Chemist: 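Sharing a structure below in structure tokens format, with a few things to ask.
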Amino acid sequence: MIAENDFIPSKYSTTIEKGTFKWSAPSNIALVKYWGKKENQVPANPSISFTLNNCKTITELSFEKKANPSDDFSFDLLFEGKPKEDFKPKIQKFFERVLVYLPFLKDYHFTIDTQNTFPHSSGIASSASGMSALAMNLMSLEKALHPEMTEHYFYQKASFLARLGSGSACRSIRGNVVEWGNHAEISGSSDLFGVIFPTKIHSNFQNYQDTILLVDKGEKQVSSTVGHDLMHNHPFAERRFEQAHENLSKIKAILENGNLEEFIKIVESEALTLHAMMMTSMPYFILMKPNTLEIINKIWKFRNETQIPICFTLDAGANVHVLYPENVTETVLQFIKDELVVYCQNGQYICDVIGNGVEQLK
Ligand code: PMV
């Protein structure tokens, strides 16, 4: 089994003075949810997600060897080309956490220039795509220092590093379906990084659609750090963690056999369970908005009337992800425009589709 120590590099074989890398990394949407963690970003239960295609972070990393080595991290952070001081503490903390795995971090001055393809403050978490884009750039630099590195190690360590930035980010490196966390039936699964779903996925899930309805674009009421923490001493936590293992077994079979009716049951139940955990923690939260419920009811009515296999899932917020197979796209988009867009803030929604993971841009 691969352990944390396996990601501590031995001496690098080359040196490099300066350069630039650029990667894009997508967001992902969990089908079985990660909610609750142990120390060092180890998940309390396994999770599985669709990698998205259009909601991405694009990050350029420029680096230059410091003239005078110092014991501090040195970096500038730009968001859409402009300095963004409030993002710096998160990066600083990330660098501290990953320093043992990337011992070159204090040797360089970095400029991190980052932007998202989705609207700013859309309520879409950019931490998954942001952390995985940064992890890819850092891995490019490590590969430049150690060109013998295998491709397998390159992506696995990128996922490992992204996880230390933001847990679910480790599922944003590859496509199209990624599992994270030890699970008896997923070979090679690990708490330390995401793995590509190991068996062939049924054609029903090819180009699966995710239309994200932006119900509430406000600041998150509960950060995910606080949220995960509330699973400690939560009265239903242990049963929930077991249930995630069970649901992962079920969804594994469903992804292989293409049973959309069963898919819908697991995915919607997982979304509501995530929110039920927040509603039953102390303190308790309701992150859904009235319009979230309006949309859910409309989806259920539409599904009953048309037998079209669409369903919803939720993140830790009020926005609704509408999931459906590619062959019903036209009808579903018409339904969304006619009946759901009224519940979106400023009528905004984003059309996405299951995707292939990170891409190097330069
Ligand atoms: O990666 P974090 O710590 O922001 O946690 C995200 C958790 C959920 O999005 C609510 C669920 C998931 O598995 O993505």
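Small disclaimer: the values here were computed from a predicted structure and weren't measured. One-based numbering, in listed order, for ligands and for the atoms of each. All heavy atoms count here, side chains included; hydrogens, waters and symmetry mates do not.
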Chemist: I want to know if ligand 1 touches Lys33 in the polar sense, i.e. an N/O pair below 3.5 angstrom.
Modeler: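 Checking ligand 1 against Lys33, no N or O pair falls under 3.5 Å apart.
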Chemist: Got an N/O contact under 3.5 Å between Trp35 and ligand 1?
Modeler: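 N/O-N/O distance below 3.5 Å does not exist for this pair.
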Chemist: Where the side chain of Asp352 meets the backbone of Asn54, is there a donor-acceptor pair that is under 3.5 Å apart?
Modeler: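 Checking the backbone N and O of Asn54 against the side chain of Asp352, a donor-acceptor pair under 3.5 Å is found.
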Chemist: Any side-chain donor-acceptor pair under 3.5 Å between Tyr34 and Ser49?
Modeler: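 No, no side-chain donor-acceptor pair sits under 3.5 Å.
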Chemist: Run the salt-bridge test on Lys93 and Glu96 with the 4.0 Å N-O cut-off and return the result as yes or no.
Modeler: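 Salt bridge flag = no for Glu96 with Lys93.
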Chemist: Out of Ser47, Cys170, Ser168, Gly36, indicate the one that has the non-hydrogen atom closest to atom 1 (O) of ligand 1.
Modeler: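 Looking at heavy atoms only, the winner is Ser168.
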Chemist: Going by the order shown, which atoms of ligand 1 are within less than 4.0 Å of some heavy atom of Arg171?
Modeler: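 Matching atoms, with element in brackets: 12 (C), 13 (O), 14 (O).
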Chemist: Tell me yes or no: between the side chains of Lys33 and Thr313, is some donor less than 3.5 Å from an acceptor?
Modeler: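 Per modelled atom types, Lys33 and Thr313 side chains form a pair under 3.5 Å.
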Chemist: Could you tell me, atom by atom, which parts of ligand 1 come under 4.0 Å of a heavy atom of Gly167?
Modeler: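 That gives atoms 1 (O) of ligand 1.
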Chemist: Between CG of Leu102 and CD1 of Ile8, what distance do you get to the nearest 0.5 Å?
Modeler: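 Going from the CG atom of Leu102 to the CD1 atom of Ile8 covers 10.5 Å.
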Chemist: I'd like to check whether Ser127 has a polar contact with ligand 1, where a contact means an N/O of the residue lying under 3.5 Å from an N/O of the ligand.
Modeler: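 In this structure, Ser127 places no N or O atom under 3.5 Å from an N or O of ligand 1.
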Chemist: Scan Arg240, Glu246, Arg239 and name whichever one has a side-chain hydrogen bond (donor to acceptor under 3.5 Å, both in side chains) with Gln243.
Modeler: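 Answer to the side-chain hydrogen bond (donor to acceptor under 3.5 Å, both in side chains) test with Gln243 among Arg240, Glu246, Arg239: Arg240.
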Chemist: Can you list the ligand 1 atoms lying under 4.0 Å from a non-hydrogen atom of Ala30?
Modeler: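 Checking each atom against Ala30, I get 12 (C), 13 (O), 14 (O).
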